[in-house]
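This report concerns only the one structure given below.
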Amino acid sequence: MLSLIEQLQQTTAFIRQQCGTTPTIGIVLGSGLGNFIGEMKVEKEISYSDIPHFPVSTVEGHSGKLIFGQIGNKNVVAMAGRFHFYEGYTPQQVIYPVRVMKMLGVETVLISNAAGGVNKNFAVGDLMIIRDHISFFAINPLLGKNEDDMGPRFPDMSEPYSHALIAKAKTIAQRLQIPVQTGVYTGVTGPTFETRAEYQLIQILGGDAVGMSTVQEVIAAVHAGMQVFAMSVITDIGIREEENTITHEEVLQAARDAEPKLTAIFTELIAEL
Ligand code: HPA
């Protein structure tokens, strides 16, 4: 059986055969936030199902693809469709594409997600720059044998989200007159949304938002020495005692409505990298 590094090498070799450019920026987009791809001058699209060793999609006809191209004058690779732990993928499968990005030459990863607000000052449609995270039952994807060629056994997590990129993004938001919140993202497994008691617990623990993605990808990126910037769109306010029902449709709609603001900040940030 191939080792993980051998698998990654085969995946990377296949992608390099298909696409000549070397991306330095990787982009992972959240639910309802896929239109950002429209900002790209697309060079090559590769379906996940064609890429050796890529996780196989659990949803038929919804396999997703890696998209290579440029934003401004920067070479980027974007994931159209990410892998969630709640879909039944192992944590190692969830982070496989992030590791592939590293092998391809990516130095900076930009991540977006839809998240529930647990900070009472937040409103639906707010953008939140993630300044830190709490992994709350999101299984650590580095459990098991360490891949020494990827990164250290015990990675430092004192600054998972680059302070320099956060400062840049805040300046950009101000210039574009887009209000942004800053806060702590709490990663959960899902697929249930939280109970009222859980939203309250997450708030007491120091979370400002809660969602079902991102944390495992960020851990993998930090382990591999890449810098990370991540932003949430607040799609619901679970902490509210009243009007506390949440649907996936509502989440997607709120994400789509807020997307142009997120796209503007990501695009400018990429230009300044
Ligand atoms: N909880 C968890 N994940 C989410 C939520 C939420 O309230 N909203 C969007 N993703």
Side-chain angles (χ1 to χ4, degrees), residues 27-36 58-59 62 64 79-89 91 94-95 110-141 160-161 180-219 228-263 265-266:
I27 300 165
V28 186
L29 299 167
S31 311
L33 299 167
N35 279 343
F36 179 74
T58 54
V59 190
H62 194 271
M79 288 179 71
R82 61 150 51 110
F83 300 98
H84 299 90
F85 184 61
Y86 66 73
E87 293 175 278
Y89 298 105
V94 169
I95 65 168
L110 269 54
I111 299 178
S112 68
N113 60 54
V118 286
N119 181 321
K120 286 184 175 151
N121 297 321
F122 287 5
V124 169
D126 278 0
L127 297 182
M128 185 190 88
I129 293 173
I130 302 178
R131 68 169 173 79
D132 208 344
H133 74 223
I134 296 170
S135 177
F136 192 52
F137 300 133
I139 309 302
N140 197 303
Y161 303 86
V180 284
Q181 311 275 11
T182 305
V184 174
Y185 177 92
T186 310
V188 294
T189 67
T192 44
F193 291 115
E194 289 62 46
T195 64
R196 286 182 191 206
E198 286 165 349
Y199 281 120
Q200 274 171 14
L201 175 65
I202 289 165
Q203 188 194 41
I204 290 164
L205 290 177
D208 296 294
V210 54
M212 306 174 194
S213 66
T214 303
V215 162
Q216 292 171 328
E217 294 152 355
V218 171
I219 289 172
V228 175
F229 175 79
M231 197 150 65
S232 297
V233 174
I234 304 299
T235 56
D236 50 270
I237 307 290
I239 194 75
R240 246 193 239 134
E241 281 296 318
E242 69 283 1
E243 300 168 34
N244 194 27
T245 63
I246 300 170
T247 65
H248 185 53
E249 288 67 34
E250 178 188 338
V251 166
L252 288 180
Q253 192 55 50
R256 282 193 207 103
D257 291 347
E259 182 172 36
K261 297 189 289 183
L262 184 130
T263 295
I265 295 175
F266 267 30

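In what follows, every heavy atom counts, from backbone to side chain, and hydrogens, waters and symmetry copies are set aside. When a ligand or atom number is given, it counts from 1 through the structure's own listing order.
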Quick look: Asp236 vs ligand 1, heavy-atom contacts under 4.0 Å, and the answer is side chain

Does the Glu194 side chain pair with the main chain of Tyr199, one donor and one acceptor, at a distance under 3.5 Å? no

Indicate yes or no: does an N/O atom of Val251 lie under 3.5 Å from an N/O atom of ligand 1? no

Nearest non-hydrogen protein atom to atom 1 (N) of ligand 1, with distance, is Glu194 OE1, 2.6 Å

Any sub-3.5 Å donor-acceptor pair from Ser112's side-chain atoms to Gly30's backbone N or O? yes

Contact with ligand 1 for Ala115, non-hydrogen, under 4.0 angstrom: yes

At what distance is the nearest protein heavy atom to atom 9 (C) of ligand 1, and which residue and atom is it? Thr235 OG1, 3.4 Å

One pair to check against side chain to side chain contact (heavy atoms under 4.5 Å, CB included): Phe193 and Met212. What are the steps and the verdict? CA-CA 9 Å; Phe193 291 115; Met212 306 174 194; 3.8 Å; yes

How far apart are the C-alpha atoms of Ile111 and Val218, what are their side-chain angles, what is the distance that settles it, and do they pass the side chain to side chain contact (heavy atoms under 4.5 Å, CB included) test? CA-CA 9 Å; Ile111 299 178; Val218 171; 3.8 Å; yes

Would you mind telling me if ligand 1 is within reach of the side chain of Val210, the backbone, both or neither, using heavy atoms under 4.0 Å? both

Just by modelled atom types, is the Val233 backbone N or O under 3.5 Å from a matching donor or acceptor in the Lys261 side chain? no

Nearest heavy-atom pair of Ser135 and Ala138: which atoms, and what distance? OG-O, 2.9 Å

Is there a donor-acceptor contact under 3.5 Å from the side chain of Gln216 to the main chain of Ile139? yes

Shortest protein contact, atom 5 (C) of ligand 1 (heavy atom only): Gly116 N, 3.3 Å

Among all protein non-hydrogen atoms, which one is nearest to atom 10 (N) of ligand 1, and what is the separation to 0.1 Å? Ala114 O, 3.4 Å

Under 4.0 Å from a heavy atom of Tyr199: which atoms of ligand 1 are those, numbered in the order shown and with their elements? 1 (N), 6 (C), 7 (O)

